[in-house]
There are 2 protein chains.
Amino acid sequence: MVLPRAAKTQRRTRIQEEKEERILEAALEVFSAHGFRGATVDQIADVAGMSKPNLLYYFRTKEAMHRALIDRVLDTWLDPLRAFDAEGNPVAEIRSYIRRKLEMARDFPRESRLFANEVLQGAPHIEDELKGPLKELVDEKAEVIRAWTKAGKIAKCDPYHLIFAIWSTTQHYADFDVQVRAVLGQGNSGEGRFEDAARFLERLFVDGLQVSEQPIS
Amino acid sequence: MVLPRAAKTQRRTRIQEEKEERILEAALEVFSAHGFRGATVDQIADVAGMSKPNLLYYFRTKEAMHRALIDRVLDTWLDPLRAFDAEGNPVAEIRSYIRRKLEMARDFPRESRLFANEVLQGAPHIEDELKGPLKELVDEKAEVIRAWTKAGKIAKCDPYHLIFAIWSTTQHYADFDVQVRAVLGQGNSGEGRFEDAARFLERLFVDGLQVSEQPIS
DNA sequence: TGATAATTTGACCGGTTGGTAAACATTACA
DNA sequence: TGTAATGTTTACCAACCGGTCAAATTATCA
């Protein structure tokens with residue numbers, strides 16, 4: 001038998017689990033830093049601490065590695081949006097969505113850059129995911145937001161562009177990290193910038209969305 | 001004589017002007033779509049409609065092309081921020097800055113993606129520009145905003161994160177265009193999305209920044 | 001027009017790329 | 001323990017990469 005990914009036994013070997021883990025970790029490191037085309041298999045093998053043919057024994061092509069990585073990361077990445085609760089307090093929900101997204105930008109910047117690289121270059125490998133699962137989830141949550149605006153719970157606004165605005169402002173701190181650091185300079189580029197950003201963004205979105213006649217406590 | 005870029009006469013030939021123009025246009029197309037590493041000289045030559053050695057006659061290396069492109073585009077790119085006027089009406093200034101940035105995202109998405117690709121991958125070629133001219137300009141304008149907040153003309157907020165928020169929300173429509181289109185779907189992805197975005201963003205920032213005690217007409 | 005400089009081309013080079021073949025080593029398990 | 005499946009390595013390949021070179025072509029202008 002030569003094909004580990006199509007083994008006749010469904011169960012995966014301990015070695016397979018470990019190695020695939022190490023490979024995907026290395027792949028995340030390299031793909032997120034250089035994009036798909038810019039990344040090389042040798043580089044990933046090097047970071048994973050194994051030979052290139054050995055790596056290609058587990059993932060037969062560069063594309064297969066990229067796909068496996070996308071599949072693994074996409075779910076986690078959309079969790080904060082899924083947590084958006086139609087029954088909750090609208091302002092509190094938006095506030096905690098912003099906080100969660102900002103935490104992810106801080107704690108998982110590579111995952112953010114992985115997608116940013118991909119989308120920026122025309123999403124040639126994840127077009128289906130964007131038009132399928134992503135769109136469906138956003139449509140669902142946009143409907144929740146629209147219901148809130150219609151009920152007068154938050155200011156009237158386009159729910160899609162609200163979601164885009166939250167995505168872009170929060171992910172900015174992961175995707176454009178070097179620019180943020182460069183502009184803030186040596187002094188202010190400690191981890192405190194995420195707290196400053198949280199304060200600013202919560203205030204921006206909450207004040208911008210509250211219905212002025214009846215601000216929510 | 002073999003080196004056109006170091007010609008003894010200062011004046012550039014008509015042919016030089018034309019060809020360098022065509023090359024930079026092609027380079028913008030390719031670099032913005034694939035990033036520096038992902039782009040190939042053959043590809044740029046192909047888009048420019050000339051042979052690779054011919055292209056390398058005008059720009060001796062891939063890096064030289066990239067640098068020339070960056071230099072040419074950076075100035076234009078920062079124009080909207082430079083137009084920020086300390087003497088103007090704060091809310092009007094911010095509103096028109098958002099509008100201008102959004103127009104650039106619509107009309108010059110490749111320029112936006114060129115920088116996005118570069119910054120996303122750690123800005124290896126434009127680190128100096130970020131820490132130098134960019135930082136200085138932002139520092140200057142941040143001071144203007146801080147003066148406005150101190151004078152009570154707009155709500156108190158961190159000026160740097162305000163600028164980041166405007167950058168990220170507006171450039172999102174250029175850099176993440178395919179995602180925006182995918183989420184909005186066939187129907188809503190006409191050019192109308194920029195007008196919707198403008199409405200949303202102006203409202204978000206203006207309402208979020210006005211001092212609630214004395215809203216500006 | 002003729003000579004000189006500027007431009008363009010095809011052939012080519014060494015290094016890197018993604019990926020393969022097959023021999024070798026290790027593990028799992030009857 | 002033996003053996004078959006699994007895992008690893010060395011050597012290698014064809015395609016592609018950025019870039020060079022010398023020869024051929026075209027533009028410039030005295």
Side-chain angles (χ1 to χ4, degrees), chain A residues 1-24 26-27 29-31 33-69 117 121 124-125, chain B residues 1-24 26-27 29-31 33-69 117 121 124-125:
Chain A
M1 202 46 161
V2 189
L3 309 177
R5 321 237 343 119
K8 56 183 156 193
T9 64
Q10 297 293 350
R11 166 175 74 77
R12 309 233 303 288
T13 314
R14 174 183 51 84
I15 293 181
Q16 276 177 34
E17 302 248 21
E18 283 177 14
K19 290 295 168 72
E20 289 180 9
E21 187 69 25
R22 266 170 59 191
I23 292 170
L24 289 181
E29 186 72 25
V30 176
F31 280 132
H34 303 291
F36 182 78
R37 274 202 75 177
T40 74
V41 177
D42 291 87
Q43 208 177 349
I44 296 170
D46 194 49
V47 172
M50 55 179 85
S51 67
K52 181 168 63 170
N54 194 186
L55 187 153
L56 288 166
Y57 171 72
Y58 291 98
F59 296 93
R60 266 136 76 172
T61 66
K62 188 181 170 184
E63 280 216 24
M65 288 179 40
H66 192 256
R67 167 131 309 270
L69 188 57
N117 261 304
Q121 304 193 1
H125 305 92
Chain B
M1 201 49 160
V2 189
L3 307 177
R5 322 240 337 124
K8 55 184 156 193
T9 66
Q10 297 293 350
R11 163 177 74 78
R12 308 233 306 286
T13 315
R14 174 183 50 84
I15 292 181
Q16 276 177 33
E17 302 248 19
E18 283 178 13
K19 288 295 168 71
E20 288 180 10
E21 187 69 25
R22 266 172 57 192
I23 290 170
L24 289 180
E29 186 73 25
V30 177
F31 280 132
H34 302 291
F36 182 78
R37 274 203 75 179
T40 74
V41 177
D42 291 87
Q43 209 177 348
I44 296 170
D46 193 50
V47 172
M50 55 179 85
S51 66
K52 182 168 63 170
N54 195 186
L55 186 152
L56 288 166
Y57 170 73
Y58 292 99
F59 295 92
R60 268 138 74 175
T61 66
K62 187 181 170 185
E63 280 216 24
M65 289 180 37
H66 191 257
R67 168 129 309 270
L69 188 57
N117 260 305
Q121 304 192 2
H125 304 92

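Residue numbers start from 1 in every chain, and the chains themselves are labelled A, B, ... in the order their sequence lines are given, proteins ahead of strands. In what follows, every heavy atom counts, from backbone to side chain, and hydrogens, waters and symmetry copies are set aside.
Rounded to a whole Å, the NE2 atom of His66(B) is 17 Å from the P atom of dC17(D). Spacing between atom CD of Glu17(B) and atom P of dT7(C) amounts to 11 Å, rounded to whole angstrom units. When rounded to the nearest whole Å, the span between CG of Leu56(A) and P of dT10(D) equals 15 Å. In this structure, the CG atom of Asp46(B) is 16 Å from the C1' atom of dG18(D), given to the nearest Å. Atom pair Lys62(A):NZ and dA15(D):P shows a separation of 18 Å (rounding to whole Å applied). At whole-Å resolution of the value, CD in Gln43(B) and C1' in dA15(D) are 16 Å apart. For the pair Ile23(A) CD1 and dG7(D) P, the interatomic distance rounds to 11 Å; values are reported in whole Å. When rounded to the nearest whole Å, the span between CZ of Arg60(B) and P of dT20(D) equals 8 Å.
Comparing dC17(D), dT7(C), dG18(C) by their nearest atom to the side chain of Asp42(A) picks out dG18(C). In the set dT8(C), dT8(D), dT17(C), dT8(D) carries the atom at the smallest distance from any side-chain atom of Tyr58(A).
A sub-4.0 Å separation between OP1 or OP2 of dT7(C) and a side-chain N or O of Gln16(B) is present. Regarding contacts with the backbone of dC16(D), every side-chain N or O of Arg37(A) stays at 4.0 angstrom or more from both OP1 and OP2.
Every side-chain contact (heavy atoms from CB on, under 4.5 Å) that Glu63(A) has, sequence neighbours left out, goes to Phe36(A), Thr61(A), His125(A). In this structure Asp42(A) satisfies the side-chain contact (heavy atoms from CB on, under 4.5 Å) test together with Thr40(A), Lys52(A), sequence neighbours excluded.
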Walk along nucleotides 9-15 of chain C from 5' to 3' and tag each nucleotide B, S or - by protein heavy-atom contact under 4.0 Å, base first, then sugar-phosphate. BBB----

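Between Ala39(A) and Val30(A) the shortest heavy-atom distance is CB-CG1, 3.5 Å.
For the pair Met65(A)/Leu69(A), no side-chain contact is recorded, criterion being any heavy-atom separation below 4.5 Å from C-beta on. Within the 4.5 Å cutoff, the side chain of Asn117(A) has heavy atoms near those of the Gln121(B) side chain.
Within the model, atoms OH of Tyr57(B) and CD of Gln16(B) stand 6.5 Å from one another, a figure rounded to the nearest 0.5 Å.
Partner Phe59(B) forms a side chain to side chain contact (heavy atoms under 4.5 Å, CB included) with one of Leu24(B), Val41(B), Ile44(B) and no other, that one being Leu24(B).
Nucleic acid contact for Ala45(A): none, since no nucleic acid atom lies under 4.0 Å from a heavy atom of the residue.
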